[in-house]
There are 2 protein chains.
Amino acid sequence: MARRSQTEVAVLGALSVAPMTGYAVREAIRDVLGHFWSESFGQIYPTLAALEGEGYVRRVDKAAPYELTGVGEARLKELLAEPAQRVPPRNGLMLRLFFGRQLGPEACRALLRDALGDARRQLSEYAAPRAAVSAEGGADAPYALITIAAGEHTARAAIAWAEESLAELGES
Amino acid sequence: MARRSQTEVAVLGALSVAPMTGYAVREAIRDVLGHFWSESFGQIYPTLAALEGEGYVRRVDKAAPYELTGVGEARLKELLAEPAQRVPPRNGLMLRLFFGRQLGPEACRALLRDALGDARRQLSEYAAPRAAVSAEGGADAPYALITIAAGEHTARAAIAWAEESLAELGES
DNA sequence: CCGGGCATGTAACGCGTTACATGATTCG
DNA sequence: CGAATCATGTAACGCGTTACATGCCCGG
């Protein structure tokens with residue numbers, strides 16, 4: 001039995017915030033959840049069609065945005081309560097560093113410098129959404145802040161790790 | 001063009017440490033790289049067959065372990081030098097927490113407690129390999145230690161984040 | 001001698017991306 | 001009017017997991 005798709009969760013979740021078109025669902029996922037989730041059109045449209053067939057979402061006419069139905073909201077709660085699928089890890093950076101001897105110290109330092117830059121940029125990118133969510137408040141704010149905090153902690157850990165590892169590889 | 005598989009990198013990398021059977025490749029990947037990489041038999045055997053056909057690995061007879069050839073080692077260096085594929089993020093825990101309002105505070109605290117336990121266990125699991133690699137030394141040791149350090153930093157960050165977030169959700 | 005670990009493979013399946021096709025609307 | 005963006009979909013493809021099938025060998 002293959003891993004079950006969690007696309008429905010993401011799509012229903014997006015529609016639970018506000019009714020929107022499939023296109024907008026993708027924008028929302030990219031912009032708001034982009035740091036820990038992604039969906040492509042090839043997933044979103046078939047999923048929306050299936051959800052519509054099951055009565056979890058509806059649109060008043062073929063050109064209107066999708067909106068969540070009552071059963072749809074119940075379905076979302078149900079799916080959220082299921083245990084999160086854990087994806088088998090596949091970290092290409094670590095794979096390369098682990099076999100770093102084959103690659104040479106300078107190339108590894110380059111990888112670490114890239115990772116450091118990425119982590120710093122990511123950390124800076126959390127400032128804006130954090131400020132926006134804090135200012136806006138609302139019942140969803142605490143939960144959004146928790147996911148933002150996760151990103152910040154992860155980014156800071158990556159920064160500390162990369163700096164430390166660069167020093168150990170005889171930072172040039 | 002679909003994302004390129006990095007299975008070859010992992011398999012050639014494993015064989016660069018020592019000749020071994022396909023079964024042992026999987027054991028090695030699971031035990032040594034398990035925290036940041038995984039491969040299944042369904043990937044390993046076809047990949048080994050393909051690599052053999054291209055002359056990157058060989059076995060003296062059909063029952064012998066696979067070993068890396070000269071071109072195979074060159075191929076590994078080549079593949080390691082390619083930029084790491086970045087996998088689109090899919091973090092089911094964050095997805096659930098982001099829509100935590102639908103799920104309710106208590107269920108979210110349960111998720112965080114689970115995550116905290118996982119992170120603590122993971123952190124403790126790095127102690128043994130760190131000691132082993134440190135004691136053994138060797139040219140590969142610095143690189144292995146870097147990947148272990150990454151796991152430790154990540155785990156500590158997860159612990160701090162989970163504790164902090166539990167407090168914010170009114171830790172009961 | 002039989003159960004469990006070692007060992008090799010393959011078939012089926014679902015997931016997700018990418019690319020393509022098409023059309024409407026908006027804005028400069 | 002032409003380009004960019006919004007919008008909806010589909011087809012093809014590769015990746016990776018899971019499950020199944022098979023056989024060997026060793027220790028109890």
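Chain letters run A, B, ... following the sequence lines, proteins first and then strands; every chain starts at 1. Predicted, not measured: the structure shown is a model, and the values here were computed from it.
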So which heavy atom on [X] is nearest to which on [Y], and how close?
| X | Y | answer |
| --- | --- | --- |
| A:Gln43 | A:Pro46 | O-CD, 3.5 Å |
| A:Leu112 | A:Ser165 | CD1-CB, 3.8 Å |
| A:Val133 | A:Ala144 | CG1-CB, 4.0 Å |

Roughly how many Å is it from [atom1] in [X] to [atom2] in [N], rounded to a whole number?
| X | N | atom1 | atom2 | answer |
| --- | --- | --- | --- | --- |
| A:Ile44 | C:dT17 | CD1 | C1' | 12 Å |
| B:Tyr45 | D:dG16 | OH | C1' | 16 Å |
| A:Arg86 | D:dT17 | CZ | P | 15 Å |
| A:Met20 | D:dT8 | CE | C1' | 17 Å |
| A:Phe41 | D:dG9 | CZ | C1' | 10 Å |
| A:Arg90 | C:dC15 | CZ | P | 18 Å |
| B:Arg26 | C:dG9 | CZ | P | 16 Å |
| B:Arg59 | C:dG9 | CZ | P | 5 Å |

Do [X] side-chain atoms and [Y] backbone N/O form a donor-acceptor pair below 3.5 Å?
| X | Y | answer |
| --- | --- | --- |
| B:Thr69 | B:Gly55 | yes |
| B:Ser124 | B:Arg121 | yes |
| A:Trp161 | B:Ile146 | yes |
| B:Arg96 | B:Cys108 | no |

| B:Thr21 or A:Gln43, whichever maps to the more 5' nucleotide of DNA chain C |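 Looking at the nearest nucleotide for each, B:Thr21 comes out on the 5' side.
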| message | Go nucleotide by nucleotide along DNA chain C from the 5' end; which of A:Gln6 and B:Ala64 gets its closest nucleotide reached first? | response |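 Counting from the 5' end, the first nearest nucleotide belongs to B:Ala64.
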| Per A:Ser40 side chain, nearest of listed nucleotides D:dG16, C:dT18, D:dT17 |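 The answer is C:dT18, which lies nearest to the side chain.
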| What nucleotide among D:dG16, D:dG9, D:dT5 has an atom nearest to a side-chain atom of A:Tyr23? |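 The answer is D:dT5.
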| task | Using a cut-off of strictly less than 4.0 Å, decide whether A:Ser5 has a side-chain nitrogen or oxygen near OP1 or OP2 of C:dG16. | result |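 True: A:Ser5 side-chain N/O within range (under 4.0 Å) of C:dG16 OP1/OP2.
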| said: Can you tell me if A:Ser38 touches the phosphate of C:dT17, counting only side-chain N or O atoms and a distance under 4.0 Å to OP1 or OP2? | reply: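 For A:Ser38, the contact criterion (side-chain N or O under 4.0 Å from OP1 or OP2 of C:dT17) is met.
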Could you go over nucleotides 22-26 of chain C and give all protein N or O partners under 3.5 Å, atom names and distances?
none

| query | Reckon B:Gly22 touches a base, only the sugar-phosphate, or nothing at all at heavy-atom distances under 4.0 Å? | reply |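 Touches sugar-phosphate only.
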